[in-house]
Amino acid sequence: MDKNENILSIKNLTINFGGLKALDDVFLDIAPNQVVALIGPNGAGKTTLFNAISGLVKPDSGDISYDGKSIKWPKPSQLAKYGIARTLQGVGLYSGLTVLENVMMGADKHRNSYFIKDMLGLSSSNESSLKDRAMDALAWAGAAHLSDLSPSELTYPDSKRVAMARALVMQPKLLLLDEPAAGLGQDEIDTLAKLIKDLKRKCAILIVEHHVDFVSHISDEVYVLNFGKVIASGSFETVKRDPAVVAAYLGTDSSNHGGQL
Ligand SMILES: Nc1ncnc2c1ncn2[C@@H]1O[C@H](COP(=O)(O)OP(=O)(O)OP(=O)(O)O)[C@@H](O)[C@H]1O
Ligand SMILES: [Mg+2]
């Protein structure tokens, strides 16, 4: 069937938190080099879906297939091996490390051992290539000039660039971005949109985002979640006219969404 066409294929995924159905029979497919946006009101289950793909939450039922193989509940440590990278909602940099060290931390399957070696000055032959890759990733994200700073010295938009570089450094096949445009000004959002369009040549990208205008520019396909269910999927132009989507957005405070659909 379509087994090998999609890099990620989610079917019938259900996750309960106590009595709350955070995800309810969710499906989602991403083809290689496709940008898919996941939108929906606050609390719809978007981050929970990311957490399931990254192995942080165990599904109650359903399946997640990656590159044609079921990875129903991946161990977070397996993600780098698969080539799945994510950024967190917020930024999540380590304050005790420089920007470059933060990015190097994202680089490897054995990140902790590299990290400890590096901190102890026991540099392996891998260290210089790791540094080069980290600098390349920073350059890609437009943050090479920030490499020696500490995260506390960064502006918010710059810290988001660094978080992106940390995800890119492992050269992922699938990149999960949780609200990359949140808190950014229009110029920075435009730059991010360009970056994502470039990145698409290298990997598939799943983006959770409230900024509707940004979503309309970058997405090949949009999935809309509401109360844990996929209520619509398709092109942005199709989903924005879907009555269920309009109702979901009208039923919530539009100030949370950076604009209505
Ligand atoms: N670990 C958890 N334990 C219990 N409930 C949780 C947990 N994580 C999320 N939830 C609940 O599950 C629902 C979905 O939350 P989730 O964070 O996935 O929403 P979201 O779509 O990412 O929202 P936002 O747009 O605000 O980031 C919410 O009702 C949330 O309170
Ligand atoms: Mg969220």
Side-chain angles (χ1 to χ4, degrees), residues 8 10-30 35-64 72-76 79 84-93 156-157 159-160 163-164 166-167 174-184 189 192 196 205-216 218-219 221-234 236 239-240 242 244-261:
L8 187 78
I10 295 174
K11 293 197 189 343
N12 307 112
L13 196 75
T14 295
I15 294 180
N16 298 295
F17 293 123
L20 175 85
K21 241 185 186 126
L23 295 181
D24 187 358
D25 210 18
V26 163
F27 60 91
L28 187 143
D29 288 320
I30 307 179
V35 178
V36 172
L38 187 59
I39 65 171
N42 293 112
K46 305 179 297 295
T47 297
T48 303
L49 186 56
F50 267 30
N51 286 344
I53 299 166
S54 350
L56 297 177
V57 179
K58 186 182 180 191
D60 291 298
S61 57
D63 190 52
I64 302 175
K72 187 176 171 183
W73 189 28
K75 292 195 181 84
L79 294 179
I84 301 177
R86 74 176 284 182
T87 62
L88 302 170
Q89 190 168 353
V91 173
L93 299 175
Y156 185 71
S159 64
K160 294 204 72 140
M164 176 83 104
R166 190 173 56 178
L174 173 65
L175 180 61
L176 311 173
L177 303 173
D178 200 348
E179 301 200 19
L184 300 185
I189 292 177
L192 182 63
I196 286 168
I205 305 172
L206 177 62
I207 299 189
V208 166
E209 192 46 72
H210 285 299
H211 267 273
V212 169
D213 197 39
F214 174 66
V215 166
S216 76
I218 54 157
S219 322
E221 193 141 10
V222 179
Y223 284 73
V224 188
L225 273 183
N226 195 27
F227 294 114
K229 272 191 174 295
V230 177
I231 58 168
S233 65
F236 179 80
V239 302
K240 83 170 187 191
D242 190 303
V245 176
V246 174
Y249 274 85
L250 289 178
T252 56
D253 177 0
S254 64
S255 65
N256 290 331
H257 301 297
Q260 290 179 352
L261 280 175

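Just so you know, these numbers come straight off a predicted model, no measurement behind them. Just so it is clear, the values below take in all heavy atoms, side chains as well, and ignore hydrogens, waters and symmetry mates. We count ligands from 1, going down the list as the structure has it; atoms in each ligand are counted the same way.
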I'd like to check which ligand 1 atoms, numbered from 1 as shown, lie under 4.0 Å from a non-hydrogen atom of [X].
| X | answer |
| --- | --- |
| H210 | 25 (O) |
| L20 | 11 (C), 12 (O), 13 (C), 29 (O) |
| T48 | 9 (C), 14 (C), 15 (O), 16 (P), 18 (O) |
| E179 | 25 (O), 27 (O) |
| A22 | 12 (O) |

Original post:
Does G45 come within less than 4.0 Å of ligand 1, judged by its heavy atoms?
Top reply: yes
**OP:** Select the closest option to atom 24 (P) of ligand 1 among N42, N226, I39, L23, judged by heavy-atom distance.
**Re:** N42
Subject >> From V215, V212, V208, residue fulfilling side-chain contact (heavy atoms from CB on, under 4.5 Å) relative to I39 >> reply: V215
Subject >> Sequence-distant partners of S54, side-chain hydrogen bond (donor to acceptor under 3.5 Å, both in side chains), two or more places apart >> reply: R86
Subject >> Validation row: V35, I207 side chains within 4.5 angstrom (heavy atoms) >> reply: yes
Original post:
Under a 4.5 Å cut-off applied to non-hydrogen side-chain atoms, are L192 and M164 in contact?
Top reply: yes
Subject >> N/O/S atom of T47 inside 2.8 Å of the Mg ion (ligand 2), strictly under >> reply: yes
Original post:
Are the side chain of Y249 and the backbone of G40 linked by a donor-acceptor contact shorter than 3.5 Å?
Top reply: yes
**OP:** Give a yes or no on whether the backbone of A37 and the side-chain of E209 come within a donor-acceptor separation of less than 3.5 Å.
**Re:** no
Subject >> Proximity to ligand 1 by part of V57, non-hydrogen separation under 4.0 Å >> reply: neither
Original post:
Taking distance alone, with no angle check, do G40 and ligand 1 share an N/O pair under 3.5 Å?
Top reply: no
Compile the donor-acceptor pairs under 3.5 Å between side chains in residues 21-28 and protein atoms, sequence neighbours left out, one pair per line.
unit_1	atom_1	unit_2	atom_2	d
D25	OD1	N12	ND2	2.9

